[in-house]
2 protein chains.
Amino acid sequence: MNALDTTFAALSHEARRSILAKLADGETRLSDLAGPFAMSQTAVSKHVRVLSDAGLVTVERRGRSRYCRLNAAPMKEASDWLADYEAFWGQQFDNLARYLAENRD
Amino acid sequence: MNALDTTFAALSHEARRSILAKLADGETRLSDLAGPFAMSQTAVSKHVRVLSDAGLVTVERRGRSRYCRLNAAPMKEASDWLADYEAFWGQQFDNLARYLAENRD
DNA sequence: CATATAGTCAACCACATGGTTCAGTATCAA
DNA sequence: TTGATACTGAACCATGTGGTTGACTATATG
(Lines give C-alpha, C1' and ligand atoms only; values in the text may rest on other atoms or scores of the structure.)
Protein backbone atom coordinates (compact mmCIF):
# COMPACT_ATOMS: atom_id res chain seq x y z
CA MET A 1 0.00 0.00 0.00
CA ASN A 2 1.32 3.43 -0.89
CA ALA A 3 0.89 6.61 1.15
CA LEU A 4 -2.41 7.65 -0.44
CA ASP A 5 -3.81 4.18 0.10
CA THR A 6 -3.05 4.19 3.81
CA THR A 7 -4.15 7.78 4.28
CA PHE A 8 -7.53 7.29 2.64
CA ALA A 9 -7.98 3.94 4.39
CA ALA A 10 -7.21 5.52 7.75
CA LEU A 11 -9.80 8.23 7.11
CA SER A 12 -12.49 5.75 6.11
CA HIS A 13 -13.67 5.06 9.65
CA GLU A 14 -15.82 7.44 11.66
CA ALA A 15 -14.04 6.63 14.93
CA ARG A 16 -10.67 7.52 13.46
CA ARG A 17 -11.94 10.79 12.00
CA SER A 18 -13.38 11.62 15.43
CA ILE A 19 -10.02 10.89 17.01
CA LEU A 20 -8.33 13.25 14.56
CA ALA A 21 -10.94 15.92 15.28
CA LYS A 22 -10.21 15.69 18.99
CA LEU A 23 -6.48 15.83 18.38
CA ALA A 24 -6.98 19.03 16.43
CA ASP A 25 -7.75 20.62 19.80
CA GLY A 26 -4.39 19.51 21.07
CA GLU A 27 -2.41 16.64 22.44
CA THR A 28 -4.58 14.03 24.11
CA ARG A 29 -3.88 10.95 26.19
CA LEU A 30 -4.97 7.66 24.70
CA SER A 31 -7.29 6.97 27.63
CA ASP A 32 -8.91 10.37 27.17
CA LEU A 33 -9.47 9.59 23.50
CA ALA A 34 -11.26 6.39 24.44
CA GLY A 35 -13.74 8.15 26.71
CA PRO A 36 -16.54 9.12 24.31
CA PHE A 37 -16.44 5.89 22.32
CA ALA A 38 -18.60 2.90 23.03
CA MET A 39 -15.68 0.58 22.61
CA SER A 40 -12.86 -0.83 24.66
CA GLN A 41 -9.60 0.97 25.12
CA THR A 42 -7.97 -1.85 23.18
CA ALA A 43 -10.14 -1.03 20.18
CA VAL A 44 -9.28 2.66 20.42
CA SER A 45 -5.64 1.70 20.71
CA LYS A 46 -5.95 -0.24 17.48
CA HIS A 47 -7.50 2.75 15.72
CA VAL A 48 -4.69 4.95 16.95
CA ARG A 49 -2.27 2.39 15.63
CA VAL A 50 -3.85 2.59 12.18
CA LEU A 51 -3.59 6.39 12.32
CA SER A 52 -0.02 6.14 13.51
CA ASP A 53 0.89 3.72 10.72
CA ALA A 54 -0.60 6.20 8.27
CA GLY A 55 1.55 8.94 9.77
CA LEU A 56 -1.49 10.96 10.79
CA VAL A 57 -0.79 10.69 14.50
CA THR A 58 2.38 10.55 16.51
CA VAL A 59 2.30 8.74 19.81
CA GLU A 60 4.73 9.47 22.55
CA ARG A 61 5.08 7.71 25.83
CA ARG A 62 5.41 9.76 28.98
CA GLY A 63 5.08 7.79 32.19
CA ARG A 64 2.13 5.43 32.05
CA SER A 65 0.37 7.48 29.40
CA ARG A 66 0.59 7.66 25.67
CA TYR A 67 0.15 11.15 24.35
CA CYS A 68 -1.24 11.43 20.83
CA ARG A 69 -0.68 14.38 18.55
CA LEU A 70 -2.12 15.21 15.19
CA ASN A 71 0.19 15.19 12.21
CA ALA A 72 -1.91 16.48 9.35
CA ALA A 73 0.86 16.40 6.76
CA PRO A 74 -0.32 13.24 4.97
CA MET A 75 -3.74 14.83 4.55
CA LYS A 76 -2.22 17.37 2.22
CA GLU A 77 -1.38 14.74 -0.35
CA ALA A 78 -4.91 13.37 -0.11
CA SER A 79 -6.37 16.83 -0.43
CA ASP A 80 -4.16 17.60 -3.42
CA TRP A 81 -5.32 14.41 -5.10
CA LEU A 82 -8.94 15.35 -4.56
CA ALA A 83 -8.32 18.89 -5.77
CA ASP A 84 -7.61 17.53 -9.25
CA TYR A 85 -11.29 16.66 -9.47
CA GLU A 86 -12.59 19.97 -8.22
CA ALA A 87 -13.66 20.95 -11.72
CA PHE A 88 -16.00 17.96 -11.78
CA TRP A 89 -17.79 18.56 -8.50
CA GLY A 90 -20.46 20.74 -10.02
CA GLN A 91 -20.99 18.42 -12.95
CA GLN A 92 -22.65 15.49 -11.29
CA PHE A 93 -25.57 15.68 -13.67
CA ASP A 94 -23.77 17.06 -16.68
CA ASN A 95 -22.74 13.68 -18.00
CA LEU A 96 -26.29 12.46 -17.80
CA ALA A 97 -27.53 15.64 -19.43
CA ARG A 98 -25.05 15.26 -22.25
CA TYR A 99 -26.02 11.68 -22.78
CA LEU A 100 -29.68 12.57 -22.90
CA ALA A 101 -28.96 15.37 -25.36
CA GLU A 102 -26.95 13.07 -27.59
CA ASN A 103 -29.61 10.41 -27.56
CA ARG A 104 -32.62 12.61 -27.97
CA ASP A 105 -34.96 11.45 -30.73
CA MET B 1 -21.07 3.12 6.97
CA ASN B 2 -21.83 6.73 6.24
CA ALA B 3 -21.03 8.63 3.05
CA LEU B 4 -17.57 9.78 4.12
CA ASP B 5 -16.66 6.25 5.16
CA THR B 6 -17.56 4.78 1.79
CA THR B 7 -15.98 7.64 -0.14
CA PHE B 8 -12.64 7.44 1.66
CA ALA B 9 -12.70 3.64 1.52
CA ALA B 10 -13.37 3.72 -2.22
CA LEU B 11 -10.41 6.07 -2.71
CA SER B 12 -8.06 3.91 -0.66
CA HIS B 13 -7.07 1.62 -3.53
CA GLU B 14 -4.68 2.59 -6.28
CA ALA B 15 -6.64 0.73 -8.96
CA ARG B 16 -9.82 2.60 -8.12
CA ARG B 17 -8.08 5.97 -8.15
CA SER B 18 -6.63 5.06 -11.56
CA ILE B 19 -10.10 4.20 -12.79
CA LEU B 20 -11.39 7.57 -11.63
CA ALA B 21 -8.46 9.30 -13.34
CA LYS B 22 -9.29 7.63 -16.60
CA LEU B 23 -12.97 8.50 -16.25
CA ALA B 24 -11.99 12.14 -15.83
CA ASP B 25 -11.10 12.03 -19.53
CA GLY B 26 -14.62 10.96 -20.32
CA GLU B 27 -17.02 8.07 -20.39
CA THR B 28 -15.26 4.73 -20.71
CA ARG B 29 -16.41 1.19 -21.30
CA LEU B 30 -15.74 -1.29 -18.52
CA SER B 31 -13.62 -3.46 -20.80
CA ASP B 32 -11.54 -0.43 -21.78
CA LEU B 33 -10.98 0.34 -18.13
CA ALA B 34 -9.67 -3.15 -17.54
CA GLY B 35 -7.02 -2.89 -20.24
CA PRO B 36 -4.05 -1.39 -18.39
CA PHE B 37 -4.55 -3.40 -15.22
CA ALA B 38 -2.85 -6.68 -14.52
CA MET B 39 -6.06 -8.18 -13.26
CA SER B 40 -9.07 -9.93 -14.61
CA GLN B 41 -12.08 -8.07 -15.91
CA THR B 42 -14.02 -9.56 -13.03
CA ALA B 43 -11.69 -7.84 -10.58
CA VAL B 44 -12.05 -4.51 -12.39
CA SER B 45 -15.79 -5.02 -12.38
CA LYS B 46 -15.65 -5.41 -8.60
CA HIS B 47 -13.68 -2.20 -8.23
CA VAL B 48 -16.18 -0.37 -10.38
CA ARG B 49 -18.91 -1.79 -8.17
CA VAL B 50 -17.21 -0.34 -5.09
CA LEU B 51 -16.96 3.04 -6.83
CA SER B 52 -20.55 2.79 -7.93
CA ASP B 53 -21.72 1.95 -4.39
CA ALA B 54 -19.82 5.01 -3.19
CA GLY B 55 -21.63 7.12 -5.79
CA LEU B 56 -18.36 8.07 -7.47
CA VAL B 57 -19.20 6.35 -10.72
CA THR B 58 -22.40 5.79 -12.59
CA VAL B 59 -22.66 2.76 -14.81
CA GLU B 60 -25.05 2.57 -17.67
CA ARG B 61 -25.72 -0.36 -19.89
CA ARG B 62 -25.89 0.17 -23.62
CA GLY B 63 -25.92 -2.96 -25.68
CA ARG B 64 -23.31 -5.39 -24.47
CA SER B 65 -21.20 -2.70 -22.88
CA ARG B 66 -21.29 -0.93 -19.56
CA TYR B 67 -20.34 2.70 -19.84
CA CYS B 68 -18.83 4.25 -16.75
CA ARG B 69 -18.92 7.92 -15.96
CA LEU B 70 -17.28 9.90 -13.22
CA ASN B 71 -19.48 11.47 -10.58
CA ALA B 72 -17.14 13.56 -8.49
CA ALA B 73 -19.82 14.97 -6.21
CA PRO B 74 -19.02 12.75 -3.20
CA MET B 75 -15.42 13.89 -3.40
CA LYS B 76 -16.50 17.36 -2.43
CA GLU B 77 -17.62 16.22 1.00
CA ALA B 78 -14.32 14.40 1.48
CA SER B 79 -12.38 17.43 0.33
CA ASP B 80 -14.38 19.70 2.64
CA TRP B 81 -13.63 17.40 5.55
CA LEU B 82 -9.91 17.52 4.78
CA ALA B 83 -10.00 21.29 4.35
CA ASP B 84 -10.79 21.64 8.04
CA TYR B 85 -7.26 20.46 8.73
CA GLU B 86 -5.56 22.70 6.22
CA ALA B 87 -4.27 24.92 9.01
CA PHE B 88 -2.35 21.97 10.40
CA TRP B 89 -0.60 20.85 7.23
CA GLY B 90 2.35 23.12 7.74
CA GLN B 91 2.69 22.22 11.38
CA GLN B 92 3.87 18.67 11.14
CA PHE B 93 6.87 19.45 13.30
CA ASP B 94 5.35 22.19 15.41
CA ASN B 95 3.93 19.82 17.98
CA LEU B 96 7.27 18.19 18.39
CA ALA B 97 8.97 21.57 18.58
CA ARG B 98 6.54 22.72 21.24
CA TYR B 99 7.05 19.57 23.22
CA LEU B 100 10.79 19.94 23.06
CA ALA B 101 10.52 23.57 24.11
CA GLU B 102 8.31 22.70 27.05
CA ASN B 103 10.59 19.96 28.20
CA ARG B 104 13.87 21.74 27.76
CA ASP B 105 16.07 21.53 30.83
C1' DC C 1 5.52 -3.35 49.48
C1' DA C 2 0.70 -3.30 47.67
C1' DT C 3 -2.45 -1.56 44.58
C1' DA C 4 -4.49 1.19 41.06
C1' DT C 5 -3.77 3.13 36.42
C1' DA C 6 -2.44 3.06 31.43
C1' DG C 7 -1.67 0.51 28.00
C1' DT C 8 -0.03 -3.60 25.10
C1' DC C 9 -0.23 -8.31 23.42
C1' DA C 10 -2.22 -12.59 22.05
C1' DA C 11 -6.00 -15.18 20.90
C1' DC C 12 -10.33 -15.41 19.05
C1' DC C 13 -14.49 -14.18 16.25
C1' DA C 14 -17.35 -12.44 12.35
C1' DC C 15 -17.21 -10.23 8.34
C1' DA C 16 -15.14 -7.46 4.41
C1' DT C 17 -11.72 -7.04 0.67
C1' DG C 18 -9.22 -8.31 -3.29
C1' DG C 19 -8.16 -11.58 -6.07
C1' DT C 20 -8.96 -15.97 -8.89
C1' DT C 21 -11.62 -19.36 -12.12
C1' DC C 22 -15.53 -21.21 -14.32
C1' DA C 23 -20.09 -21.10 -15.85
C1' DG C 24 -23.86 -18.51 -17.50
C1' DT C 25 -26.47 -14.57 -19.85
C1' DA C 26 -27.20 -10.96 -23.12
C1' DT C 27 -26.04 -8.73 -27.21
C1' DC C 28 -24.15 -8.02 -31.65
C1' DA C 29 -22.29 -9.61 -36.11
C1' DA C 30 -21.53 -12.87 -39.94
C1' DT D 1 -28.06 -19.95 -36.44
C1' DT D 2 -23.50 -19.79 -34.95
C1' DG D 3 -20.13 -17.68 -32.64
C1' DA D 4 -17.63 -13.86 -30.62
C1' DT D 5 -17.95 -10.06 -27.19
C1' DA D 6 -19.02 -8.00 -22.75
C1' DC D 7 -20.07 -8.66 -19.12
C1' DT D 8 -22.28 -10.86 -14.26
C1' DG D 9 -22.61 -14.29 -10.62
C1' DA D 10 -21.16 -17.93 -7.66
C1' DA D 11 -17.74 -20.30 -5.39
C1' DC D 12 -13.43 -20.26 -3.44
C1' DC D 13 -9.14 -18.55 -1.10
C1' DA D 14 -5.97 -15.64 1.59
C1' DT D 15 -5.63 -11.76 4.13
C1' DG D 16 -7.24 -7.55 6.54
C1' DT D 17 -10.50 -5.17 9.67
C1' DG D 18 -12.95 -4.21 13.76
C1' DG D 19 -14.32 -5.81 17.69
C1' DT D 20 -14.03 -8.65 22.13
C1' DT D 21 -11.76 -10.73 26.51
C1' DG D 22 -8.07 -11.99 29.54
C1' DA D 23 -3.38 -11.94 30.84
C1' DC D 24 0.54 -9.27 31.09
C1' DT D 25 4.00 -5.12 31.71
C1' DA D 26 5.13 -0.76 33.32
C1' DT D 27 4.43 3.19 36.06
C1' DA D 28 2.66 5.97 39.75
C1' DT D 29 0.82 6.37 44.36
C1' DG D 30 -0.38 5.23 49.19
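This is a predicted model, so every value here is computed, not measured. To find a chain, count down the sequence lines: A is the first, B the second, and so on, and within it residues start at 1. Atom set for the values below is all heavy atoms of this structure, side chains included, hydrogens, waters and symmetry mates excluded.
Between A:A43 and B:S31, the one whose closest nucleotide on DNA chain D sits nearer the 5' end is B:S31.
Following rounding to the nearest Å, B:L30 (CG) and C:dA26 (C1') show an atom-to-atom distance of 15 Å. In this structure, the CZ atom of A:R49 is 12 Å from the P atom of D:dT17, given to the nearest Å. Across the protein-nucleic acid pair, A:M39 atom CE and D:dT20 atom C1' stand 12 Å apart, rounded to whole Å. Atom CD of A:E60 and atom P of C:dT8 are 14 Å apart (whole Å). Between the CG atom of A:L33 and the P atom of C:dG7 there is a distance of 9 Å, rounded to whole Å. A:D5 has its CG atom 12 Å from the C1' atom of C:dG18, to the nearest Å. Rounded to a whole Å, the CG atom of B:L11 is 12 Å from the P atom of C:dG18. Protein atom CD of B:Q41 is 13 Å distant from nucleotide atom P of D:dG9, rounded to whole Å.
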For each nucleotide in nucleotides 22-30 of chain D, reading 5' to 3', give B when a protein heavy atom comes within less than 4.0 Å of its base, S when such contact involves only the sugar-phosphate, and - otherwise. B---SBS--
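Each of B:V50 and B:M1 belongs to its own hydrophobic cluster when Ile, Leu, Val, Met, Phe, Trp and Tyr are linked at side-chain heavy-atom distances under 4.5 angstrom.
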Show me the side-chain donor-acceptor pairs of residues 75-88 of chain A shorter than 3.5 Å, one per line, residues at least two apart or across chains.
| residue | atom | partner | partner atom | Å |
| --- | --- | --- | --- | --- |
| A:K76 | NZ | A:D80 | OD1 | 3.4 |
| A:K76 | NZ | A:D80 | OD2 | 3.0 |
| A:Y85 | OH | B:A21 | N | 3.2 |

Table please: side-chain donor-acceptor pairs of residues 31-48 of chain B below 3.5 Å, with sequence neighbours left out.
| residue | atom | partner | partner atom | Å |
| --- | --- | --- | --- | --- |
| B:D32 | OD1 | B:R29 | NH2 | 3.4 |
| B:D32 | OD2 | B:R29 | NE | 3.2 |
| B:S40 | OG | B:A43 | N | 3.1 |
| B:H47 | ND1 | B:R16 | NH1 | 3.1 |

Side-chain polar contacts of residues 3-13 of chain B - donor-acceptor pairs under 3.5 angstrom, sequence neighbours left out - could you list them?
| residue | atom | partner | partner atom | Å |
| --- | --- | --- | --- | --- |
| B:D5 | OD1 | A:E14 | N | 3.4 |
| B:D5 | OD1 | A:R17 | NH1 | 2.7 |
| B:D5 | OD1 | A:R17 | NH2 | 2.8 |
| B:T6 | OG1 | B:N2 | O | 3.4 |
| B:T6 | OG1 | B:A3 | O | 2.9 |
| B:T7 | OG1 | B:A3 | O | 2.8 |
| B:S12 | OG | B:A9 | O | 2.7 |
| B:H13 | ND1 | B:A15 | N | 3.1 |

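Of the charged side-chain nitrogens involved, at least one lies within less than 4.0 Å of a carboxylate oxygen, so that A:E27 and A:R62 count as a salt-bridged pair. A salt bridge links B:R69 and B:E60; the closest N-O separation between the charged side-chain nitrogens and carboxylate oxygens is under 4.0 Å.
For B:R66, no side-chain nitrogen or oxygen approaches OP1 or OP2 of D:dA6 to under 4.0 Å. In terms of phosphate contacts, A:H47 brings a side-chain nitrogen or oxygen within less than 4.0 Å of OP1 or OP2 of D:dG19.
Heavy-atom distances under 4.0 Å link DNA chain C to B:H13, B:R16 of residues 13-24 of chain B, given in residue order.
Relative to the side chain of B:R29, the nucleotides C:dA6, D:dA6, D:dT8 differ in distance, and D:dA6 lies closest. The B:S40 side chain lies nearest to C:dT21 when the options are C:dG7, D:dT8, C:dT21.
The shortest heavy-atom contact between A:C68 and A:L23 is O-CD2, 3.4 Å.
Under the side chain to side chain contact (heavy atoms under 4.5 Å, CB included) test applied with B:L51, the options B:L70, B:I19, B:N71 reduce to a single match, B:I19.
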